[in-house]
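Predicted model, so just to flag it, every value in this text is computed and none were measured.
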Amino acid sequence: MKIIWLGHSGFRIEIGDQILLVDPWLSGNPMFPEDRRAEALKGATHILLTHGHGDHASNAVSIAAETGAPIACIHEMSERLGAEDGVSAIGFGKGGTVSLGDVQVSMVNASHSSSIDYTGDGLAVAGSEAGFMIRGEGHTIYVTGDTDIMADMAWFGEYYAPDIGILCAGGHYTMDMKAAAWASKKYFNFRTVIPCHYKTFPILEQDAEDLKAGLPGVDVIEPEVLTAIEI
């Protein structure tokens with residue numbers, strides 16, 4: 001398995017027979033090198049969107065049209081995005097699971113907000129915010145999406161038992177590094193934790209030292225853009 005950060009909350013996850021692009025915000029992302037776009041998109045099989053905000057979903061339609069990869073997301077957003085030319089979408093809901101080749105993706109709750117806010121036409125309905133449990137190669141990855149700590153994390157940890165956490169941890173809009181560490185220790189038994197939704201803008205946390213300090217014995221990996229983490 002390879003987990004490759006695309007900056008902010010975007011990831012390329014090579015798992016089983018799939019290449020999943022999670023919240024692939026590339027154009028306009030100050031952390032992503034535009035001249036490496038083709039490398040990031042090569043072979044993509046599916047696009048997963050946690051919610052509709054521009055720093056997660058604004059490039060999804062263009063990437064889907066370019067790569068032919070379907071967008072998998074919450075139902076309401078799938079209806080809107082799937083109506084675009086050259087785009088197909090898989091709509092599902094929280095508690096639902098879709099099989100993507102050898103990989104299963106379950107949608108779980110998050111605590112944030114969701115709207116399409118990047119078209120210039122004001123805010124549009126985009127269903128609601130979500131996270132994903134991605135299962136393949138004997139691992140379960142919990143992608144939190146944008147969220148605060150939730151009591152739901154207690155049953156997530158018990159039921160899905162993820163061993164890898166990709167955690168929003170930048171603060172201001174989501175939980176911060178200390179909160180992410182607390183939630184990880186309280187609710188999960190992660191072997192590997194990868195922070196995201198940080199460093200992109202000055203208002204966000206700029207390093208993961210508090211996350212590392214709060215999770216002794218866990219492999220906390222600060223990702224580098226387009227550098228593979230192999231598990």
Side-chain angles (χ1 to χ4, degrees), residues 1-16 18-23 31 48 50 56 97 102-112 129-201 203-231:
M1 179 194 308
K2 292 182 180 180
I3 299 174
I4 301 168
W5 195 33
L6 305 178
H8 199 55
S9 290
F11 285 87
R12 174 187 169 99
I13 301 176
E14 301 177 11
I15 180 172
Q18 298 295 296
I19 297 176
L20 308 176
L21 302 178
V22 181
D23 290 347
M31 298 197 71
L48 304 181
T50 62
H56 296 255
T97 299
D102 294 338
V103 178
Q104 288 73 50
V105 178
S106 298
M107 186 181 291
V108 296
N109 196 32
S111 179
H112 188 57
E129 63 278 17
F132 296 113
M133 295 288 177
I134 301 172
R135 286 167 287 183
E137 296 189 22
H139 294 279
T140 300
I141 306 167
Y142 174 30
V143 176
T144 63
D146 284 7
T147 194
D148 191 7
I149 297 171
M150 302 177 294
D152 282 352
M153 290 176 174
W155 74 261
F156 292 175
E158 185 173 352
Y159 183 74
Y160 291 106
D163 57 306
I164 302 167
I166 296 178
L167 313 179
C168 65
H172 194 79
Y173 299 104
T174 72
M175 59 185 177
D176 61 16
M177 295 291 173
K178 287 183 179 179
W182 187 92
S184 296
K185 192 158 48 177
K186 175 78 171 177
Y187 298 125
F188 299 101
N189 187 26
F190 293 128
R191 296 179 183 175
T192 304
V193 165
I194 301 167
C196 66
H197 207 279
Y198 79 118
K199 293 205 277 191
T200 322
F201 308 109
I203 201 169
L204 302 179
E205 294 208 34
Q206 299 297 302
D207 61 61
E209 293 309 307
D210 286 337
L211 184 62
K212 293 176 181 176
L215 291 176
V218 177
D219 188 13
V220 178
I221 302 173
E222 286 206 62
E224 298 291 335
V225 173
L226 288 170
T227 298
I229 298 167
E230 299 199 35
I231 295 174

Donor-acceptor contact below 3.5 Å, side chain [X] vs main chain [Y]:
{"X": "E230", "Y": "K2", "answer": "no"}
{"X": "E222", "Y": "V220", "answer": "no"}
{"X": "D23", "Y": "T50", "answer": "yes"}
{"X": "E205", "Y": "G171", "answer": "no"}
{"X": "S111", "Y": "M150", "answer": "no"}

Nearest heavy atoms of [X] and [Y], plus distance in Å:
{"X": "C168", "Y": "G145", "result": "SG-O, 3.2 Å"}
{"X": "A183", "Y": "I149", "result": "CB-CG1, 4.0 Å"}
{"X": "K185", "Y": "L215", "result": "N-CD2, 4.0 Å"}
{"X": "G214", "Y": "A181", "result": "CA-CB, 4.0 Å"}
{"X": "M1", "Y": "G136", "result": "CE-O, 4.1 Å"}

Starting at [atom1] of [X], measure out to [atom2] of [Y] and round the result to the nearest 0.5 Å.
{"X": "R191", "Y": "I164", "atom1": "CZ", "atom2": "CD1", "value": "9.0 Å"}
{"X": "I166", "Y": "I194", "atom1": "CD1", "atom2": "CD1", "value": "5.0 Å"}
{"X": "F188", "Y": "M153", "atom1": "CZ", "atom2": "CE", "value": "5.5 Å"}

Does OH in Y159 sit with more than 12 non-hydrogen atoms of other residues, nucleotides or ligands closer than 6.0 Å?
->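 No - once you tally the heavy atoms of other residues, nucleotides and ligands closer than 6.0 Å, there are 12 at most.
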Heavy-atom count around K212 NZ within 6.0 Å, excluding the residue itself: above 12?
->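 Atom NZ in K212 is packed in, count exceeds 12.
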Do the side chains of [Y] and [X] get nearer than 4.5 Å, heavy atoms only?
{"X": "P223", "Y": "I229", "result": "yes"}
{"X": "L226", "Y": "L6", "result": "yes"}
{"X": "I4", "Y": "E14", "result": "yes"}
{"X": "L204", "Y": "K199", "result": "no"}
{"X": "L20", "Y": "I134", "result": "yes"}
{"X": "R12", "Y": "I19", "result": "yes"}
{"X": "T140", "Y": "D163", "result": "yes"}
{"X": "I3", "Y": "F11", "result": "yes"}

For H197 and H172, what are the C-alpha separation, side-chain angles and deciding distance, and is it a ring-ring contact (aromatic ring centres under 6.0 Å, His included)?
-> CA-CA 10 Å; H197 207 279; H172 194 79; 10.0 Å; no
Exactly one of [options] should register a side-chain contact (heavy atoms from CB on, under 4.5 Å) with [X]. Which one does?
{"X": "R135", "options": "D102, I15, T97", "answer": "T97"}
{"X": "M177", "options": "L167, D207, L211", "answer": "L211"}
{"X": "I13", "options": "V22, L48, L21", "answer": "V22"}

Step by step, would you call W182 with Y187 a side-chain contact (heavy atoms from CB on, under 4.5 Å)?
-> CA-CA 8 Å; W182 187 92; Y187 298 125; 4.0 Å; yes
Does the pair Y160 and V108 meet the rule for a side-chain contact (heavy atoms from CB on, under 4.5 Å), with working shown?
-> CA-CA 10 Å; Y160 291 106; V108 296; 3.7 Å; yes
Any side-chain donor paired with an acceptor under 3.5 Å for T200 and H8?
->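 Result is yes, a qualifying pair exists.
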Give a yes-or-no answer on whether the side chains of T174 and D146 include a donor-acceptor pair shorter than 3.5 Å.
->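 Side-chain D/A pair, T174 to D146: absent.
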Once the angle between the rings of F190 and Y142 is folded into 0 to 90°, is it parallel (under 30°), tilted (30 to 60°) or perpendicular (over 60°)?
->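 Ring orientation of F190 relative to Y142: parallel.
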Take the angle between the ring planes of Y198 and W5 and call it parallel below 30°, perpendicular above 60°, tilted in between.
->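 Aromatic pair Y198/W5 classed parallel.
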